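First the structure, in the form of structure tokens, and then the observations on it.
These numbers were taken from a predicted model, which means no experiment stands behind them. Protein chains get the first letters and strands the later ones, always in sequence-line order, with residue 1 at the start of each.
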2 protein chains.
Amino acid sequence: MPNSEKSLYSIAELAREFAISTRTIRFYEAKGLIAPNRVGGTRVFSRRDRARLMLILRGKRLGFSLREISDYLGLYDADPAQKSQVELLHNLVSQRLDKLEQQQRDLTTTIRELREIRQQAEDQLADARKPARSA
Amino acid sequence: MPNSEKSLYSIAELAREFAISTRTIRFYEAKGLIAPNRVGGTRVFSRRDRARLMLILRGKRLGFSLREISDYLGLYDADPAQKSQVELLHNLVSQRLDKLEQQQRDLTTTIRELREIRQQAEDQLADARKPARSA
DNA sequence: TAAATGGTTGACGTATACGTCAATGTGTGG
DNA sequence: CCACACATTGACGTATACGTCAACCATTTA
């Protein structure tokens with residue numbers, strides 16, 4: 001059962017699927033974020049390449065630079081034999097988690113504030129329809 | 001009791017407090033994100049200016065562009081008399097909330113994955129010290 | 001009075017993240 | 001055979017977000 005899902009993609013297919021340009025995908029490759037196989041000169045993307053691309057785009061939605069995303073992808077790749085490598089990985093992951101947790105706090109605060117503003121706007125619209133009830 | 005807290009700041013004070021450059025603060029002013037008073041030519045920042053700067057920096061930590069942050073600050077400023085303005089504000093706030101909530105989902109997933117990776121690293125470090133217990 | 005301190009406005013430089021050609025190659029259908 | 005779709009690299013252009021001078025003005029302290 002060799003997995004019924006499609007497992008190879010052209011650059012144009014991926015670009016369409018994720019609503020980005022082919023130029024963008026080539027740029028990510030030039031920056032070392034993905035490394036698709038080649039058939040002749042033509043890039044051929046595997047499911048793993050596609051998964052990496054999804055990680056990249058999620059990183060972008062979170063506001064990270066390509067450099068940061070590159071480091072981040074390294075965290076997924078690592079399969080270290082050396083203890084020192086495991087420790088290094090652990091440190092890197094922990095640092096990244098600290099940043100993400102700070103971001104989550106910022107995000108929670110911001111969402112709370114905007115919900116408050118939205119609520120006030122809704123109250124005002126309700127008052128406009130039924131202006132009584134002051135005291 | 002005119003509020004014991006400091007209420008006026010120089011550009012250098014704010015730069016130091018938030019670990020950014022004075023150039024950055026001037027740049028934000030040039031982009032219309034803050035509008036400090038002037039005494040002669042010199043900028044004098046109020047507590048409100050400082051609060052806005054904090055909002056800007058939080059927006060940056062969340063990965064937003066200055067343009068997006070500018071729009072976002074407008075949401076805080078609005079105090080609309082017109083019903084249509086209230087509706088517009090409500091729409092803008094709702095749109096922004098959609099983006100932030102998507103970001104929060106991305107963030108939650110990413111944090112979960114990194115915690116998993118960190119856990120695996122910790123397990124490996126534990127195994128290295130006490131390698132038995134395979135089945 | 002001279003120098004240090006802190007402020008100002010240009011103007012130019014730079015890294016990032018692509019967009020936009022141009023020139024070229026490759027395979028497939030009519 | 002030839003057009004057309006789809007791919008390639010290379011080069012140049014562009015918006016954003018500042019950094020980095022230069023040249024200048026105003027206080028204040030030695």
To the nearest 0.5 Å, what is the distance between NE2 on B:H90 and CG on B:L88? 11.5 Å
In Å, rounded to the nearest 0.5 Å, how long is the span from CD of A:Q85 to CG of A:L92? 9.5 Å
Decide whether B:T109 and B:D106 meet the rule of one side-chain donor and one side-chain acceptor closer than 3.5 Å. no
Between the main-chain N or O of A:T110 and the side-chain N or O of A:E113, is there a donor-acceptor pair closer than 3.5 Å? no
Please check: side-chain N/O of B:T108 versus main-chain N/O of B:Q104, any donor-acceptor pairing under 3.5 Å? yes
Does B:D77 pair with B:R48 as a salt bridge, N-O distance under 4.0 Å? yes
Do B:R50 and B:E17 sit within salt-bridge range, that is, some charged N less than 4.0 Å from a carboxylate O? yes
Report which part of the nucleic acid [X] touches: base, sugar-phosphate, or nothing (heavy-atom distance under 4.0 Å, all strands).
X: A:R43; value: sugar-phosphate
X: A:S10; value: sugar-phosphate
X: A:Y28; value: sugar-phosphate
X: B:S21; value: sugar-phosphate

Both A:T24 and B:F45 contact DNA chain C. Which one's nearest nucleotide lies toward the 5' end? B:F45
Starting at the 5' end of DNA chain C and moving along, which residue's nearest nucleotide shows up first, B:R16 or B:E29? B:R16
Please say whether more than 12 non-hydrogen atoms of neighbouring residues, nucleotides or ligands are located less than 6.0 Å from CG in A:D98. yes
Between the first and last five pairs of the helix from C:dT1-D:dA30 to C:dG30-D:dC1, the angle of the axes, rounded to 10 degrees: 20°
Take B:R23 and A:G41, find for each the nucleotide of DNA chain D with the closest heavy atom, and name the residue whose nucleotide sits nearer the 5' end. A:G41
Please state how far atom CZ in B:R38 lies from atom C1' in C:dT8, giving the value in whole angstrom units. 8 Å
note: B:I25, atom CD1; C:dT9, atom P; distance rounded to Å ~ 13 Å
For DNA chain D, which nucleotides open and close the run of contacts to chain A, 5' to 3', at under 4.0 angstrom from a non-hydrogen atom? D:dA7 to D:dT9
Do B:R96 and B:F64 form a cation-pi contact, if we require the NZ or CZ to be under 6.0 Å from the six-membered ring centre and within 45 degrees of the ring's axis? yes
